[in-house]
There are 2 protein chains.
Amino acid sequence: MVKKKTNTEQRIVDAAKEVFILKGHDGARMQEIADTASINKALLHYYFRSKDKLFERVFHEVFSEAFSSIAEVIGRANTIEELIEYFVSYYVAMLKSKPYLPNFILHELNRNPFMVVDLIKDSGMDKSFLIQLLVKESNRKDIRDFNPVHIMVNILSLSIFPFVAAPIIKGFIFDGNKVEFDNFIDERTQHITSFINAAIFKNQS
Amino acid sequence: MVKKKTNTEQRIVDAAKEVFILKGHDGARMQEIADTASINKALLHYYFRSKDKLFERVFHEVFSEAFSSIAEVIGRANTIEELIEYFVSYYVAMLKSKPYLPNFILHELNRNPFMVVDLIKDSGMDKSFLIQLLVKESNRKDIRDFNPVHIMVNILSLSIFPFVAAPIIKGFIFDGNKVEFDNFIDERTQHITSFINAAIFKNQS
DNA sequence: AACTGGTTTAACTAAATAGTTAAATTAAAT
DNA sequence: ATTTAATTTAACTATTTAGTTAAACCAGTT
């Protein structure tokens, strides 16, 4: 055979991703991962020596789905308007296609906070650039006097939280109506940007 | 003896709460719960027949910590200003003393979405009252034209998300400095209310 | 044809873990 | 003093699960 390797290996990682996301690290079973990948447990351990090694691989892949492009997206911003627009539109669009990301990462954040924070620090996100931009922009005359750190946390909260709490919003607010919920998510980018802009800019009528 | 029961029973529930919150349902061990409560496993099963029964009890207690008073708090609001102020100040203060609540409930929300949503529906939170208030208020001339559902989700997001992502904010933004983080949380109520007010009210300079 | 490495089969080990059991102990209530 | 219920001790069962092993199989490669 030779070089089905890449194929099978990725099939295992994909299956593991599916199961780990659904059941969490502790709830996931190696047998279920093997079944999902349509292979046997022996081969699973042939590729990944242990559950932890496999989980680590999965986590790194999922993590980079969430953080790989964000540094670059943020780096393009020259004004706070651009920062808000780029950040929100990128994140909401990304989470719309990968809604499992926040819960998976937040769950691991509980199990292993330092590891996750270290990964974020290594992700290339330039904190000082961000702070610098926000501080500079907060001196503009047309902008209200808010603490830039709170503004940053607000942008994150408004973009990410609806996905974290999706089942509640869908179930409680929209009575389980998927169409209405999807519609709500579709409106979200536009709403957040105008909501934040209304908050931070003076004299907008 | 007679009626140390209440005592021991609550000690078990408290220990279980601690362990379940730290390790999650699947990561928690009955032995560790027994150790934490300073009793033995036999007694643990004497009080609670199974892990699931114990977890259910813990979850209901934790859940009502989060949702028991909120209906009443919201019910007192006559205007959107009051709604924002009451809701944010209540929630941020509560989460400051019980920062584990969101992650615990959100984790169970993944394992068991319908159960959690049903509990919320039964919690006495009056959705139609809320909608009614928000819709009525959104007709005010001094208020910008936003979809009330988004406003409600924004209030929730801004209040709750910082606690969900606390390790990231503390670790990444504040470089692990606990004092700065606590200070950030202390500013939060005030910031959120003025941020939201700035967003929804017209002509505020 | 012999070799190689991916793959299967199937039985196995070792450890962890939820839950059980039964007998002994303790201390309060009658 | 006897009874009763809470509690401990300690050994036990049954099950689940991660991980192993060894032999056989299969399909390209040399």
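We name chains A, B, ... by the order of the sequence lines, and we start the count at 1 in each one. Note: hydrogens, waters and symmetry copies are ignored here, and every other heavy atom, side chains too, is used.
Lys127(A) places a side-chain N or O within 3.5 Å of a backbone atom of Ile173(B) that can act as its donor or acceptor partner. Side-chain atoms of Lys17(A) do not come within 3.5 Å of backbone N or O of Val62(A) as any donor-acceptor pair. Under a 3.5 Å cut-off, the side chain of Asn197(B) and the backbone N or O of Thr193(B) do form a donor-acceptor pair. In terms of modelled atom types and a separation under 3.5 Å, the side chain of Ser68(A) and the main chain of Glu65(A) share no donor-acceptor contact. With His60(A) contributing its side chain and Glu56(A) its backbone, the two residues share a donor-acceptor pair below 3.5 Å. Between the side chain of Asn177(A) and the backbone N or O of Val179(A) there is at least one donor-acceptor pair closer than 3.5 Å.
Note on Thr8(A): a side-chain N or O is less than 4.0 Å away from OP1 or OP2 of dT7(C). A close approach under 4.0 Å does occur between a side-chain nitrogen or oxygen of Tyr46(A) and OP1 or OP2 of dG6(C).
The separation between Asn7(A) atom CG and dG5(C) atom C1' is 15 Å, rounded to whole Å. Taking atom CG of Leu43(A) as the reference point, atom C1' of dC25(D) lies 13 Å away to the nearest angstrom. Residue Glu9(B) contributes atom CD, which lies 16 Å from atom P of dA5(D) at whole-angstrom precision. Taking atom CG of Asp26(B) as the reference point, atom P of dT17(C) lies 12 Å away to the nearest angstrom. Rounded to whole Å, atom C1' of dG19(D) lies 13 Å from atom CG of Leu54(A). Remark: C1' of dT7(D) and CD1 of Ile12(B) are 10 Å apart, rounded to the nearest angstrom. Taking atom CD of Glu32(B) as the reference point, atom P of dA18(C) lies 10 Å away to the nearest angstrom. Atom CD1 of Ile39(B) and atom P of dT25(C) are 21 Å apart (whole Å).
The listed nucleotides are dT7(C), dG19(D), dG19(C); the one nearest the side chain of Tyr47(A) is dT7(C). Of all nucleotides listed (dT9(D), dA18(C), dT8(C)), dT8(C) comes nearest to the side chain of Asn40(A).
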Identify the pairs formed between an N or O of the protein and an N or O of nucleotides 21-24 of chain D at a distance under 3.5 Å, and give each distance.
none

Could you write out each protein N or O paired with an N or O of nucleotides 13-16 of chain C at a distance under 3.5 Å?
none

Step-by-step salt bridge (Lys or Arg N to Asp or Glu O under 4.0 Å) determination, Asp26(B) to Arg111(B): CA-CA 10 Å; Asp26(B) 296 326; Arg111(B) 285 199 346 136; 3.8 Å; yes
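Between Phe20(B) and Phe104(B), the distance separating the two ring centers is not shorter than 6.0 angstrom.
Side-chain to base pairing of Lys41(B) with dG19(C): one donor and one acceptor N or O lie within less than 3.5 Å of each other.
Residues Phe174(A) and Ile169(A) have side chains in contact (heavy-atom distance under 4.5 Å, counting atoms from C-beta outward).
Residue-to-nucleotide proximity on DNA chain D shows that, of Ser38(B) and Gln31(A), the 5′-proximal contact is made by Ser38(B).
Among the atoms of the strands shown, only primed sugar atoms or phosphate atoms (P, OP1, OP2) are found under 4.0 Å from some heavy atom of Ala28(A).
Secondary structure note: stems in DNA chain C built from 3 or more consecutive Watson-Crick or G-U wobble pairs under 3.5 Å occupy C:1-30 with D:1-30.
We find that Glu137(A) and Arg140(A) are joined by a salt bridge, their nearest charged nitrogen and carboxylate oxygen being less than 4.0 Å apart.
In this structure, His191(B) and Phe146(A) have perpendicular ring planes: the angle between them is above 60°, well past the 30° mark. Below 30°, between 30° and 60°, or above 60°: for Phe59(A) and Phe63(A) the angle between ring planes is between 30° and 60°, a tilted geometry.
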